[in-house]
Amino acid sequence: MPRSEPIKAARGVHDILPADLPRWRAAQRAAEETATRYGYEEIITPLIEQAELIERIGADTDAVSKELYRFEKRGTQNLALRPEATAGVVRAYFENGLNQGPKPSRLYLIGPMFRYDKPQQGRYRQFYQFNVEVIGGGSPGFDAEVIELAQEWLTEVGLQDLRLEVNSIGDSRCRPAYLEKLKEYYRPLQSQLGGDSQLRLERNPLRLLDSKVPHEQQFKQNAPKINDHLCEECAAHWSMVKRLLDAAEIEHEVNPYLVRGLDYYTRTVFEFYPGGATGQQDALVAGGRYDGLAEAEGWPSTPGVGFAGGIDRVTEQIDATAIPPRPAADVVVLPDGELPLEAAEVARICRSVRSVAVDYEPKSLAAKMRLANRLGAKWVVLLTPDEASRRMARVRDMSSGAQEQLDWAELPTRLA
Ligand code: AMP
């Protein structure tokens with residue numbers, strides 16, 4: 001029989017290995033602790049949703065139009081792997097009656113998202129997000145609160161050097177008139193725009209402002225700016241968000257080109273980048289207000305604001321040396337010879353106070369000691385057939401090299 005090729009992981013996904021996990025867990029723990037400090041409760045929603053939920057609210061975004069993992073008809077429903085969390089969290093909020101409870105609901109979610117993205121560093125097909133949502137709160141205080149929470153999370157995982165960009169994109173009262181102005185400005189330039197931007201000009205002109213095409217950048221400079229065209233309510237909201245950020249001493253840059261392409265996004269949008277990064281770099285956290293989302297999903301009109309932070313990207317920014325490595329096991333039990341029953345019993349005794357691994361393989365004691373060193377064990381418990389028969393063992397302190405013979409019953413006290 002010809003040997004078959006080993007089967008590798010699907011394209012664009014990545015394994016999170018034990019060596020990565022201290023950083024990964026640090027990012028996740030900081031997320032949970034920060035969210036909890038701000039009074040947010042955890043919610044877990046399914047990884048699959050009805051495709052229509054995602055498609056209805058995101059038809060014009062890449063995450064949905066090009067990147068959605070969709071199953072054709074399982075039973076009676078078309079399903080999709082969620083590409084982001086907010087749609088599902090808002091669905092769960094109404095479907096489970098959280099809208100009948102105290103308002104707003106402060107919720108957070110940590111979990112995997114799926115997008116058929118072009119795989120590259122920091123861009124995966126399965127990636128993990130920390131999502132924070134305030135549903136049922138329209139005040140600018142909530143916008144500033146989620147921004148502060150995001151910053152605190154990033155700072156807590158050791159990312160001090162950050163750039164925060166903010167903007168206001170108005171709402172359904174002021175944005176339509178602005179979009180007309182934007183189209184008027186761009187129409188004479190149409191022939192100089194690339195294919196994507198030509199399409200956006202009539203369908204989704206706001207997205208012209210976040211074009212990444214180099215030769216289109218010059219056009220932005222003179223384009224009308226949305227935050228100069230806000231209605232009174234949006235302008236007041238925007239001004240209060242900025243005052244709140246100033247009062248919290250959160251440094252921010254207003255980027256008039258920071259936009260979201262969908263109608264249900266309103267007012268505040270923001271993104272956090274690593275400090276040294278230039279404009280093209282991917283954001284660590286992206287968020288904003290979505291006062292039109294509930295209605296777009298078919299629920300009563302309800303304001304909301306939140307963000308999504310990329311745990312993979314944040315983990316990649318954490319300095320590995322800042323987190324001391326944890327040994328896989330504090331104690332390694334090394335039987336000298338075949339003593340599986342005795343070794344298992346000694347391990348069980350030691351496990352009452354410490355993490356313990358046992359080396360059952362018939363290897364030389366020297367080889368076993370090398371393994372104990374590689375695991376980073378603090379102690380080795382050596383067992384010879386003679387000692388084992390008397391229920392004795394030798395404990396070796398790996399840092400000092402000191403050895404001591406003990407009764408098995410004394411091990412927990414010695415190792416505690
Ligand atoms: P978005 O939902 O596209 O606004 O993304 C929010 C955050 O999720 C981004 O700032 C990234 O940190 C992270 N993110 C988005 N897409 C990916 C991806 N394909 N791979 C890894 N992280 C991602």
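Whatever order the structure lists them in is the order used to number ligands and atoms, beginning at 1.
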Measure up the F94 and W299 rings against each other and bin them: parallel (under 30°), tilted (30 to 60°), perpendicular (over 60°). parallel
Heavy atoms under 4.0 Å from ligand 1: which residues qualify? R115, D117, G122, R123, Y124, F127, Q129, A283, L284, V285, A286, A308, G310, R313
For the pair R37 and E152, find out whether any cationic side-chain nitrogen is under 4.0 Å from an anionic carboxylate oxygen. yes
Residues in side-chain hydrogen bond (donor to acceptor under 3.5 Å, both in side chains) with T45, at least two apart? R82
Do the side chains of R187 and E202 get close enough for a salt bridge, i.e. N-O under 4.0 angstrom? yes
Taking only residues two or more places apart in sequence or in another chain, which ones pass salt bridge (charged side-chain N to carboxylate O under 4.0 Å, His left out) with E72? R70
Salt bridge (charged side-chain N to carboxylate O under 4.0 Å, His left out) filter on D117, not counting sequence neighbours, yields R123
